[in-house]
Structure formats: C-alpha cells, structure tokens
Amino acid sequence: MDPMVFLFVLLKSLIQYPQPVADGLDEETRLRMEVRAKHLEWERLHLEQEVEQVTQKQVQLLKLVTVAAVLVHIFVLWFIVWKSSLRREEDEEENRGANEEQVGNVAVHEEGNGGNEAVNESEMVDNNDVSTAAQEEDDFDDRIGRVIMECIQWPVQDLQAGCEWVTKLMDKYSLYFCHALSNSFYPVLQRAIGVGSAFEGWSPREQDVVYRVLIPMTPPRGHSFHLELDSAGQRQVRNFRVRVQLECTCTGQQQAEDMLCFLHHPEEELRRNQDPSLLDTLCTGSYLDVQKTARWFCQLVRAIWPALPQSHNWHLVLLPSTRSCQFKVTNGRESFRIEMLFGVRREDSAIFVSSQTREAYTASTIWPESYAVAEVEFFKHIASQAPPDSLHLKCLQFFTRLQLGFGFSTYTMKTIVMHLLNVTPVTSWRRRDLLERLQDIMDSLRLCVQAKHLNHFIVGNQRLPQDINLPPDVQMGETYNLLHNLAQEPNAHSQAIYEYQILQEQFRRILLAED
C-alpha cells in the first residue's frame with residue numbers, strides 16, 4: 001500500500017472515532033504520535049522484507065557459482081584424462097600401422113620423381129598441421145600442470161646443500177677413522193655412502209630431515225667375515241649373521257712384523273703383548289654383535305669430534321640409539337640430524353647386511369639384508385637420464401607427505417613410484433605430464449590395495465639398470481609382497497580400503513583447490 005494512502009486512511013479513521021486523551025496531552029499531539037509510530041513500524045517491516053529477499057538471492061547466486069566452479073574443474077580434469085587416453089590409442093594405432101606405412105613408402109618410390117615431389121608436399125602440410133596441434137596440446141597440458149603446481153604446497157628445503165655438508169663431515173671422519181684404527185683389531189671403516197630419502201633427492205618431512213649414511217666395514221688383519229643366512233622363521237626380509245673367524249698370520253699376505261698370530265701364539269703371550277681380537281671385543285660368541293658395535297661406534301664418533309674442523313663452529317649431541325649412531329650438530333642457525341649405520345657388503349655388489357632394524361625386536365647378532373645403496377643408485381640412474389625439469393621427485397615427495405597419518409608406509413609409496421619410473425619413459429615426468437603421473441600413482445596404489453600385493457622393487461626385479469650390481473640370489477630370487485599383512489589380516493585390508501578412499505578424496509580436493 002502507498003504510504004500516503006495509508007496515512008490518509010489512518011487520519012480519517014481517527015477523526016471519525018475520537019478516543020479519550022490522557023492527562024497532559026491534547027488530541028492533536030496524541031494523533032501525531034500514533035501516526036508516527038505506525039509509520040515507523042511499517043517502514044521497519046518493509047526494510048526487513050527487502051533485506052531477506054536480497055540475502056536469499058545472494059545465497060542462491062553463491063551456490064550457483066560454487067557448483068559451476070566445481071563442474072568446470074571436473075570437466076577440465078576429465079578432458080585431460082580423456083585426451084591422454086586418446087593420445088595413447090593414437091600411438092597404438094600408429095604403431096600398428098607402421099608396416100602399412102612402410103609398404104606405402106615403397107610404392108611411392110616406385111612411381112618416380114614426379115610422384116615423390118607431390119607426396120613430399122602433402123606430407124609437409126600434414127606434418128605442419130600435426131606439429132601445430134601437438135604444440136597446442138602440450139601448451140594446454142603445461143598450463144594444467146602449472147595450475148596443479150600452484151595448488152600443492154611444496155616443502156621448501158635445500159636437501160642438496162645438506163647432503164654436501166654431511167658428506168664433507170663424513171669424509172673428515174673417514175680420515176680420522178683410518179688413523180685411529182690403523183693398528184687395531186676393530187673393523188676397518190670405509191668411506192660413508194649416503195642412503196635414504198635425503199640422498200635420493202626427496203624427504204617426507206620438511207622440518208625433521210634425517211641424513212642417513214651407511215659405513216661399510218671390512219675385517220681387520222687376522223680376521224675374516226662370513227655371512228650366514230638366518231633360516232629361523234618365515235620372514236619377508238632376509239636376515240644374516242656375520243660370523244667372525246680368526247686367520248693365520250704366520251705366513252703369506254697376512255704376515256706382519258708387529259703382529260702375533262691369534263691361532264698359533266700362546267694365549268698368555270697374546271694377552272701380554274697384543275690387543276684383544278675382534279672376537280673378544282665386539283662379538284657375542286662367534287658372531288659380530290650389532291649393539292656392541294653401535295656403542296663402540298658412538299664412543300669413536302665422540303672421541304674424534306674435537307679434532308674435526310667442524311667442531312670449532314658446531315655443537316655435537318649424541319642421540320639414543322641401540323643399532324646405529326645418531327647425533328645432531330647445530331651452530332645456532334642451522335642443525336643437521338645424522339644417522340650413521342654400518343654394514344658388511346655382500347660380495348662386490350650394492351647389497352649389504354646392515355645394522356638397521358625392520359622389526360619391533362631384532363636380536364643383536366641379526367643383520368638384515370639392506371637394499372638402500374641399490375635404491376640410491378637407481379635414483380641416480382634416473383637423474384642421469386631425466387630432463388632437468390623432471391618432476392618425478394616432487395611426485396614422490398607429494399605422495400609421501402600426503403599419506404602421513406594413514407596406514408600406507410612411506411616405503412610403500414616410494415616402491416610404487418620406483419616401479420612406475422622403471423616402466424615409464426623419464427621424459428614423461430615433466431610439468432605437462434604432472435596430472436597424468438599423479439593419477440598413475442593413485443591408480444597403482446588402488447590396484448595394490450585391491451590385490452593385497454606389491455612386489456619388492458629390488459629383489460627378483462630383472463629389469464633394473466645393468467649398472468646396479470646385485471648378487472645372483474637377489475636378482476634372480478623370488479620377490480616378496482610388501483603388503484602381505486593385507487592378505488593375512490581381513491581387518492587390515494578393510495582398513496586399507498577405507499584409508500585409500502579418504503586419501504583419494506583428499507587428493508581430489510587438493511587438485512580442485514578446495515578448502
């Protein structure tokens with residue numbers, strides 16, 4: 001109703017039906033107050049209706065915009081996947097038609113020079129069209145890869161600088177190890193080998209990177225190491241014992257003027273004139289003891305530290321450990337956490353038996369077989385073949401960080417990526433291939449969980465690069481299943497399927513840039 005009409009009707013009714021007036025107020029004042037109050041009430045109701053209508057329109061518009069954005073993202077991702085599958089089909093058709101094309105080329109050559117010129121002009125036009133379309137396709141894929149890169153929060157860390165610093169420190173330690181142990185009957189320590197994620201070029205944790213090194217040990221003079229496979233129980237990972245045996249040093253290459261033979265000299269003379277043998281210091285029975293070796297190693301690291309140049313500006317703190325030597329060095333601005341493992345090389349290969357444990361409890365004389373050096377060599381091989389802008393390490397880093405808190409281990413994700421790197425061309429890990437490679441990793445994880453099976457990457461893998469030297473029983477041996485617990489425990493399998501679904505949803509939300 002129009003406000004003026006409303007006021008006119010109200011005034012008319014009040015004039016026709018006068019009411020008694022309170023004391024102290026005349027009739028005109030009372031009428032003005034009542035008209036003013038009713039007018040303000042009408043304006044308030046009218047404003048509330050307008051605000052409610054505007055709010056409803058804004059909410060509806062926001063919902064429409066959100067749905068449209070999600071649909072656009074889904075359409076773009078579907079289009080990319082569809083285009084990638086179409087490209088694979090075209091490549092397969094081209095391969096199948098290779099022989100037919102060769103036959104056609106022979107026929108064209110038989111037609112003479114005139115026919116060749118016409119065919120060449122036609123091929124040039126077709127090639128230009130194909131190259132233009134391929135370039136446009138690559139540009140589109142590259143833009144999609146750039147968008148995905150912006151959606152993912154990559155960790156900011158300089159692993160290469162950290163590895164270089166740790167390597168220099170280990171080289172200094174190696175020199176002092178050589179001098180300190182030159183005339184002893186303790187294990188001879190070789191130059192450290194960087195292993196683990198940091199030396200492979202990635203790390204699942206940004207703030208807590210562990211720089212892990214493996215120090216090969218060889219027997220001291222008058223001793224020899226013999227690796228014996230531990231056959232107790234049915235384990236997925238093979239374990240060994242390092243049997244220490246005394247050797248005669250009376251004649252031959254072992255002979256030394258300042259050394260008595262542990263086998264042929266009287267015990268009294270040995271105790272009086274020579275340090276104890278390795279059997280009497282770091283062994284339990286005839287076998288090298290991991291825990292005794294770790295304690296001796298930590299004492300050695302602490303004793304040598306003041307002589308190193310790094311000790312002038314850095315502070316060393318030993319950390320608790322029973323099967324390795326872990327410590328942290330800090331200088332007030334930076335800090336490095338380092339773990340020094342030790343092991344015995346199997347023959348002349350990239351396989352060791354090491355002090356690192358893989359079970360909740362490992363006996364002190366058990367040395368599990370380690371494939372860490374072989375895995376580092378594989379990543380170095382890939383780096384030597386890959387283009388400078390390859391993102392294979394970022395894909396690995398993304399998934400190992402994404403699955404933190406889930407039941408899938410970091411080693412499981414690393415194994416999946418290594419299998420894909422071994423069968424996918426290294427040139428297919430660039431930014432334009434990022435979405436396809438990330439989806440490949442997710443699909444591989446899904447298939448492994450469904451099948452309850454994931455083969456170990458090193459053991460039994462005959463498709464490894466030839467420059468990675470493996471013992472015959474490792475290269476030709478039967479591989480084992482890293483997900484064997486899913487096959488043995490139905491509840492674990494159900495939990496893995498549930499966690500994969502949550503991981504998949506989280507992966508999708510990151511790609512769609514959802515909060």
Side-chain angles (χ1 to χ4, degrees), residues 170 173-193 213-230 239-304 318 321-326 339-349 351-357 362-370:
M170 292 300 105
Y173 261 119
S174 296
L175 292 176
Y176 281 88
F177 287 156
C178 181
H179 291 298
L181 304 175
S182 59
N183 294 319
S184 73
F185 299 108
Y186 287 103
V188 179
L189 305 179
Q190 308 296 327
R191 186 181 182 187
I193 303 173
V213 297
L214 175 64
I215 299 182
M217 299 188 304
T218 56
R221 51 186 181 162
H223 300 73
S224 61
F225 290 161
H226 302 273
L227 302 182
E228 297 179 354
L229 181 63
D230 180 33
N239 294 323
F240 286 79
R241 296 179 187 270
V242 181
R243 182 167 58 86
V244 178
Q245 182 174 314
L246 297 176
E247 300 291 338
C248 177
T249 58
C250 296
T251 58
Q253 296 180 352
Q254 293 281 359
Q255 187 175 10
E257 295 181 357
D258 58 345
M259 177 182 174
L260 304 177
C261 179
F262 285 106
L263 291 178
H264 299 110
H265 280 78
E267 293 185 5
E268 181 64 27
E269 185 180 1
L270 290 171
R271 283 196 300 267
R272 187 173 60 251
N273 300 317
Q274 191 161 271
D275 292 335
S277 70
L278 183 58
L279 285 171
D280 297 325
T281 54
L282 302 183
C283 292
T284 297
S286 299
Y287 297 98
L288 192 61
D289 191 295
V290 175
Q291 296 183 9
K292 291 181 180 180
T293 306
R295 287 194 296 268
W296 164 74
F297 206 88
C298 290
Q299 294 172 359
L300 191 64
V301 168
R302 186 199 299 271
I304 291 178
L318 288 174
S321 180
T322 58
R323 296 181 63 92
S324 65
C325 179
Q326 297 187 35
E339 181 178 17
M340 301 172 73
L341 302 166
F342 33 89
V344 178
R345 189 188 298 268
R346 288 200 56 200
E347 303 169 4
D348 189 22
S349 70
I351 305 300
F352 285 75
V353 297
S354 79
S355 60
Q356 188 174 13
T357 181
T362 304
S364 62
T365 56
I366 292 297
W367 299 71
E369 192 170 52
S370 172

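Just so you know, residue 1 is the first one in the sequence shown, and it goes up from there.
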State, yes or no, whether a side-chain contact exists between Pro216 and Ile193 at a heavy-atom distance under 4.5 Å.
-> yes
Between Cys325 and Leu318 the two heavy atoms that sit nearest each other are SG-CD2, 4.1 Å
- prompt: Heavy-atom distance under 4.5 Å between the side chains of His223 and Thr218, does that happen here?
  reply: no
Output for pair (Leu260 CG, Thr249 OG1), nearest 0.5 Å, gives 8.0 Å
Residue pairs meeting side-chain hydrogen bond (donor to acceptor under 3.5 Å, both in side chains), one or both in residues 260-270, sequence neighbours left out, come to Glu268-Arg271
In sequence, state the C-alpha distance, the side-chain angles, and the governing distance for Met340 and Ile215, and then conclude on side chain to side chain contact (heavy atoms under 4.5 Å, CB included). CA-CA 7 Å; Met340 301 172 73; Ile215 299 182; 3.3 Å; yes
Note: Leu214 and Ser354 closest approach over all heavy atoms is CD1-CB, 4.1 Å
Here the pair of heavy atoms bringing Ile351 nearest to Ser370 is CG2-O, 3.6 Å
- Query: Any donor-acceptor pair under 3.5 Å linking the side chain of Ser355 with the backbone of Arg323?
  - Reply: yes
In terms of heavy-atom contacts, Phe185 and Gln274 come closest through CE1-CG, 3.5 Å
Heavy-atom nearest pair, Cys261 first then Leu270, reads O-CD2, 3.9 Å
For this session: Take Glu369 and Arg346 through the test side chain to side chain contact (heavy atoms under 4.5 Å, CB included) and record every step on the way to the result.
Result: CA-CA 9 Å; Glu369 192 170 52; Arg346 288 200 56 200; 2.8 Å; yes
inquiry  = Assess the residue pair Leu288 and Leu282 against the criterion (side chain to side chain contact (heavy atoms under 4.5 Å, CB included)); give the C-alpha distance rounded to whole Å, side-chain angles, the decisive distance to 0.1 Å, and a yes or no.
reply    = CA-CA 6 Å; Leu288 192 61; Leu282 302 183; 4.0 Å; yes
Residue pairs meeting side-chain hydrogen bond (donor to acceptor under 3.5 Å, both in side chains), one or both in residues 290-303, sequence neighbours left out, come to none
Notebook entry, point to check: Taking atom types as modelled, is there a side-chain donor on Thr365 or Arg241 under 3.5 Å from an acceptor on the other?
Noted result: yes
Open item on the list: Applying ring pair (Phe, Tyr, Trp, His ring centres under 6.0 Å) to Phe342 and Phe352, what does each step give before you reach the verdict?
Closed with: CA-CA 9 Å; Phe342 33 89; Phe352 285 75; over 10 Å; no
With distance as the sole test, does Tyr186 use its side chain to make a donor-acceptor pair with the main-chain N or O of Leu181 at under 3.5 Å? no
query: With a 4.5 Å limit on heavy-atom distance, are the side chains of Val213 and Glu339 in contact?
result: no
Closest non-hydrogen atoms of Pro368 and Ile366, given as atom of the first, atom of the second and distance, are CD-O, 3.7 Å
Query raised in the report: Should His226 and Val242 be marked as a side chain to side chain contact (heavy atoms under 4.5 Å, CB included) after you check the CA-CA gap, both sets of side-chain angles, and the distance that decides it?
Result: CA-CA 6 Å; His226 302 273; Val242 181; over 6 Å; no
